[in-house]
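Here the structure is a predicted model, which is why all the values come from computation and not from measurement. Positions are given from 1 along the sequence.
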Amino acid sequence: MDIQPRLTPKVAKGYVDLACAGIGREYPNAPQLLLGSATDLETNRALHPAFFGCFDWHSAVHSHWLLVRLLRSGLLDDEASKNALAVLDRHLTAENLTTELEYFSKAGRTGFEFPYGWAWLLRLWHEAGSIPTGLKWRAALDPIAEHLLSSFIERVSSLVAPLRSGAHRDLGFSTAITLDVLRLEGRTEAFESLASHALRLYQSDTNYPWAYEPSGYDFTSSGLNEVLVMRRVLPQQEFSQWLAAFWPSLATGVIGPVAELVVSPDVLDGQGSHIVGLSLSRSWAFAEIATYRDHTLKEEFERAAAEQLGLGMSGVHSGGYMGEHWLATFATFVLTAANQASPSEH
């Protein structure tokens with residue numbers, strides 16, 4: 001079941017419009033700021049000249065990724081391309097990104113936006129290098145990307161257990177994204193290091209409690225995120241054995257409750273919009289799992305991916321900023337996932 005054709009020029013232009021509007025919108029904003037003294041209280045624009053908009057830092061980061069990804073898609077008309085390029089040129093400058101990097105050097109701020117915002121910054125960094133016009137953005141992003149890459153692995157190495165939340169703090173979603181970046185960038189040593197820590201944290205997990213998902217504010221599935229991570233770090237045969245123990249119902253031909261549709265009670269509410277994102281992230285995971293050669297449920301996973309996508313897409317243009325500042329990224333992520341290299345056989 002092919003979901004790629006749903007990303008049309010009209011849809012892509014609409015997403016560019018949402019992203020450009022959000023990236024330049026300073027308020028409302030929910031900054032994550034630890035105050036050491038009164039002198040630390042500054043405007044978000046002063047603290048984050050590249051990523052001050054879109055309600056929060058991580059949404060601003062991945063909205064920039066969205067613009068680069070859609071420029072890469074070849075679907076944008078001249079006007080949309082011009083708007084996207086202007087925003088990216090204005091924000092992704094060496095000066096702005098130097099200030100962004102300096103933020104992480106101050107006491108109490110070294111873990112700012114870990115792991116979710118870091119993973120999206122790394123994804124933006126990689127994406128910027130995928131098109132000729134993005135090379136200047138890539139160069140400006142290099143210092144902060146290298147800092148967050150080494151810091152990501154260091155922080156994961158210090159964890160005594162995974163972060164499981166289904167929201168920003170969930171380690172699995174960000175680790176899967178980061179592993180993809182490392183693979184696509186050819187960073188073998190870093191990939192192996194992060195993979196070893198993922199195995200330490202996840203390999204012994206069995207019989208995942210799918211019935212406990214979702215939590216009320218989830219926008220990803222912690223269980224599915226873990227599956228995506230393990231497929232990236234285990235050889236196929238070992239992954240098949242691990243998956244059978246982690247997800248026993250697959251052996252009986254049942255995906256289970258994680259495939260059930262969950263309707264948001266209020267798409268205009270910030271947390272309510274998370275449930276829309278949950279459908280989109282589940283669709284991405286199901287579509288990928290359908291490509292695995294480890295089970296016989298290909299059609300069932302394809303059907304689940306399409307159903308989740310249909311529900312999620314219906315909420316992207318909600319008419320409310322609490323959803324529209326970020327949901328287009330998740331829609332673009334799932335609609336263009338087929339363009340990315342498949343998980344490594346490791």
Got a sec, which residues hit side-chain contact (heavy atoms from CB on, under 4.5 Å) with [X], two or more places apart in sequence or on another chain?
| X | value |
| --- | --- |
| H58 | Q32, D56, E113, Y116, H168 |
| T329 | H62, S63, W65, L66, W120 |
| V11 | L7, T8, Y15 |
| L85 | L71, T133, W137 |

Side-chain donor-acceptor contacts of residues 261-273 below 3.5 Å, not counting sequence neighbours, with atom names and distances?
| unit_1 | atom_1 | unit_2 | atom_2 | d |
| --- | --- | --- | --- | --- |
| S264 | OG | D266 | N | 3.2 |
| S264 | OG | G272 | O | 2.7 |
| D266 | OD1 | L268 | N | 3.1 |
| D269 | OD2 | Q271 | N | 3.0 |
| D269 | OD2 | G272 | N | 2.8 |
| Q271 | OE1 | H274 | ND1 | 3.3 |
| S273 | OG | G270 | O | 2.6 |
| S273 | OG | M322 | O | 3.4 |
| S273 | OG | W326 | NE1 | 3.2 |

Fit a plane to each ring of [X] and [Y], take the angle between them on a 0 to 90° scale, and name the class: parallel (under 30°), tilted (30 to 60°) or perpendicular (over 60°).
| X | Y | result |
| --- | --- | --- |
| F55 | H325 | tilted |
| F104 | W118 | perpendicular |
| H48 | Y103 | tilted |

Atom [atom1] in [X], atom [atom2] in [Y]: separation rounded to 0.5 Å?
| X | Y | atom1 | atom2 | value |
| --- | --- | --- | --- | --- |
| T332 | L70 | OG1 | CG | 4.5 Å |
| L121 | L97 | CG | CG | 8.0 Å |
| S279 | F330 | OG | CZ | 11.5 Å |
| D180 | H126 | CG | NE2 | 9.0 Å |

Hey, does the side chain of [X] reach the backbone of [Y] with a donor-acceptor pair shorter than 3.5 angstrom?
| X | Y | value |
| --- | --- | --- |
| S215 | D218 | no |
| S281 | F219 | yes |
| S130 | E127 | yes |

Tell me, do [X] and [Y] make a side-chain contact under 4.5 Å, heavy atoms counted?
| X | Y | value |
| --- | --- | --- |
| R231 | I289 | no |
| I177 | L122 | no |
| T98 | P143 | no |
| W242 | E226 | yes |
| R109 | L47 | yes |
| L234 | L199 | yes |
| F246 | V227 | yes |

> Can W284 and L228 be said to form a side-chain contact (heavy atoms from CB on, under 4.5 Å), step by step?
Replying inline: CA-CA 10 Å; W284 167 56; L228 300 182; 3.5 Å; yes
Under the salt bridge (charged side-chain N to carboxylate O under 4.0 Å, His left out) rule, what pairs show up with a residue in [range], not counting sequence neighbours?
| range | result |
| --- | --- |
| residues 80-95 | D89-K136 |
| residues 239-262 | none |
| residues 141-157 | R138-D142, E146-R187 |
| residues 26-37 | E26-R45 |

> With distance as the sole criterion, is a donor-acceptor pair present between the side chains of D170 and T220 under 3.5 Å?
Replying inline: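 There is no such pair (donor and acceptor under 3.5 Å, judged by atom type) between the side chains of D170 and T220.
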> Taking it one step at a time, do F301 and W247 satisfy ring-ring contact (aromatic ring centres under 6.0 Å, His included)?
Replying inline: CA-CA 14 Å; F301 275 108; W247 201 341; 5.7 Å; yes
> If two hydrophobic side chains count as joined below 4.5 Å and joins carry through other members, does I153 share a cluster with L171?
Replying inline: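 Yes: a chain of side-chain contacts under 4.5 Å links I153 to L171.
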> Does the pair T175 and H197 meet the rule for a side-chain contact (heavy atoms from CB on, under 4.5 Å), with working shown?
Replying inline: CA-CA 10 Å; T175 298; H197 296 303; over 6 Å; no
>> If the condition is side chain to side chain donor-acceptor pair (under 3.5 Å), which residues does D17 pass it with, not counting sequence neighbours?
In response: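 Here the qualifying residues are K13.
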> Listed by chain and number, what are the side chain to side chain donor-acceptor pair (under 3.5 Å) partners of D205, not counting sequence neighbours?
Replying inline: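 Per chain and number, D205 pairs via side chain to side chain donor-acceptor pair (under 3.5 Å) with R164.
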>> By the ring-ring contact (aromatic ring centres under 6.0 Å, His included) test, which pairs, at least two apart or in different chains, include something from residues 140-164?
In response: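 Matches after skipping sequence neighbours: F114-F152.
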>> Could you tell me if R183 sits above the aromatic ring of F191, with its cationic atom closer than 6.0 Å to the ring centre and no more than 45 degrees from the axis?
In response: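 R183 over F191 ring: no.
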